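Heads up: the structure comes next, in structure tokens.
No experiment lies behind these values; they were computed from the predicted model shown.
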Amino acid sequence: DALAAAGVNFERAYTTVTTTTPSFASLLTSVYPSDHGVYSNTGRIDDRLVTLPEILGQHGWHTAAIVNLPWLNPDMSNIPQGIQELARCKHIRKADRTNRWILDFLDRRKEAGDQPFFLWVHYIDNHTPYHAPGKYARMYYPEGKDPRAGSSGSLQRAWKQFPEHHRDNPYFKKWLGGITDADYVVAAYKGSGSWIDEHVGAVIARLKRNQQWENTLLVFLADHGESLGEHGLWFLHGGLYEPTARIPLILRVPGGPAGRSVGAVVSQVDILPTILARLGLPVPKQARGKDLWPLLGKRTLSGGAALLEHAGFYFVGVVTPRYKYIRHRSSRKVYPAYPMKRGREELYDLDKDPGEKTDIARQSPDLLAEMRALLGKLKEGKSGEFEAAKAEVDEQTEEMLRSLGYTQ
């Protein structure tokens with residue numbers, strides 16, 4: 001809330017794709033998954049793609065990052081191209097350990113003088129399995145209530161809707177073993193969010209203490225959302241519904257507007273051109289996104305559309321301020337409560353049905369055709385002939401993918 005009060009809150013921001021590696025690939029290059037070709041955490045982007053850190057480095061910036069998943073390391077994803085100072089992931093760090101590195105980095109940059117710097121900070125604490133520490137574990141759960149007792153059985157009912165690779169996952173069984181109340185797990189997710197919030201606040205406080213804040217352009221966002229029971233999808237980022245596809249986006253620019261909210265639909269691919277435009281630097285030809293700043297000069301801060309894709313190439317979709325269209329690309333039963341059927345189309349009126357519970361595709365053929373055409377228009381053209389590759393995965397990384405619920 002404090003950060004939004006200091007900048008611009010984009011209320012209808014969307015990821016390009018609902019899993020980590022392909023999402024960050026789009027964020028740092030401003031191209032769609034259909035351009036960079038990465039649809040899983042074991043994908044690797046083409047060397048010919050130009051990243052935001054590469055561009056800044058070419059213009060005299062010091063570039064740095066701290067990542068907390070091994071598939072974001074350069075030897076796997078190739079995403080940290082242009083990062084001069086990288087805190088790689090060997091073991092996942094919690095926010096407190098992540099911040100120790102960040103605060104030290106900020107202090108070192110203060111001593112380094114006037115060279116501008118770029119820093120990508122990656123927090124992972126609200127990913128499955130949710131383990132909010134200390135007071136945060138119970139912050140959103142009734143005091144005195146025992147999540148392992150009683151006869152609610154809500155988690156056991158939800159368990160039947162888990163993908164098979166979650167139901168049979170020893171890490172998930174250990175994490176959720178003995179718990180009967182699904183609300184306790186949801187509360188742990190929320191607590192993890194507040195734990196991250198505290199550490200983002202600490203970073204901003206250090207920037208202010210170091211007198212760096214007045215010159216800091218800060219972008220706060222996520223790579224994807226999380227489903228917490230909606231549509232029978234539990235503790236994962238499956239489907240293209242709002243809980244998974246819609247992300248927070250707050251942009252704070254020194255001397256820029258403060259306390260403003262934008263209701264227009266915007267995309268993750270818009271971040272790179274927006275940042276470069278604010279810095280007066282050229283935007284690469286590959287960029288699919290647009291500079292968001294002109295939106296703020298309009299009286300009506302609405303409109304727009306965003307292209308959505310799903311990990312594994314399962315779904316594709318498009319969202320406008322009022323409607324969402326989803327098309328199934330394959331026939332599978334990964335999610336028991338949400339079977340996929342190749343060619344199936346879904347359509348939702350987000351104004352009347354924000355929970356996306358009533359599919360109006362059959363009763364709205366003209367609107368369906370319009371949204372189908374919009375999807376085709378957004379997909380038109382390509383940013384170049386880039387080739388994705390499959391990264392080599394060692395045993396430790398494979399085990400971490402399994403522990404987070406990505407593989408069996």
Problem set entry | Which residues share a side chain to side chain contact (heavy atoms under 4.5 Å, CB included) with N210, sequence neighbours left out | L106, D107, K110, R206, Q212
Would you be so kind as to tabulate the donor-acceptor pairs closer than 3.5 Å made by side chains of residues 359-369, with sequence neighbours excluded?
from : atom 1 : to   : atom 2 : distance (Å)
D359 : OD1    : L347 : N      : 3.0
D359 : OD1    : A361 : N      : 3.0
S364 : OG     : I360 : O      : 3.1

Exercise. Does Y314 have any side chain to side chain donor-acceptor pair (under 3.5 Å) partners at least two apart in sequence or in another chain, and if so, which?
Worked result: none
Exercise. Side chain to side chain contact (heavy atoms under 4.5 Å, CB included) with V8: which residues, sequence neighbours excluded?
Worked result: F10, P257, R260, V262, W293, L296
For this session: Could you name each residue pair satisfying side chain to side chain donor-acceptor pair (under 3.5 Å) that touches residues 82-104, not counting sequence neighbours?
Result: H62-Q84, H62-E85, N68-R93, N68-T98, D75-R88, E85-R108, N99-Y123, D104-R108
Problem set entry | Listed once per pair and sorted, the salt bridge (Lys or Arg N to Asp or Glu O under 4.0 Å) pairs that draw on residues 49-66, sequence neighbours left out | none
Seminar exercise, completed: Residue pairs passing the salt bridge (Lys or Arg N to Asp or Glu O under 4.0 Å) test with at least one member in residues 306-323, sequence neighbours excluded, are E309-R329, R322-D349, R322-D351
Seminar exercise, completed: For Y348, the ring pair (Phe, Tyr, Trp, His ring centres under 6.0 Å) test, sequence neighbours excluded, returns Y241
Problem set entry | Contacts of type side chain to side chain donor-acceptor pair (under 3.5 Å), residue Y130, not counting sequence neighbours | E226
Problem set entry | salt_bridge(K333, E164) N-O dist < 4.0 Å | no
Problem set entry | Residues forming a side chain to side chain donor-acceptor pair (under 3.5 Å) with K290, sequence neighbours excluded | D270
For this session: Kindly state each residue pair satisfying side chain to side chain donor-acceptor pair (under 3.5 Å) with at least one member in residues 242-255, sequence neighbours excluded.
Result: Y14-E242, S227-T244, E242-R246, E242-K324
Exercise. Using the ring of each side chain (for Trp, its six-membered ring), is F162 parallel, tilted or perpendicular to F172, with breaks at 30° and 60°?
Worked result: perpendicular
Problem set entry | side chain to side chain donor-acceptor pair (under 3.5 Å) against K145, all qualifying residues, sequence neighbours excluded | D181
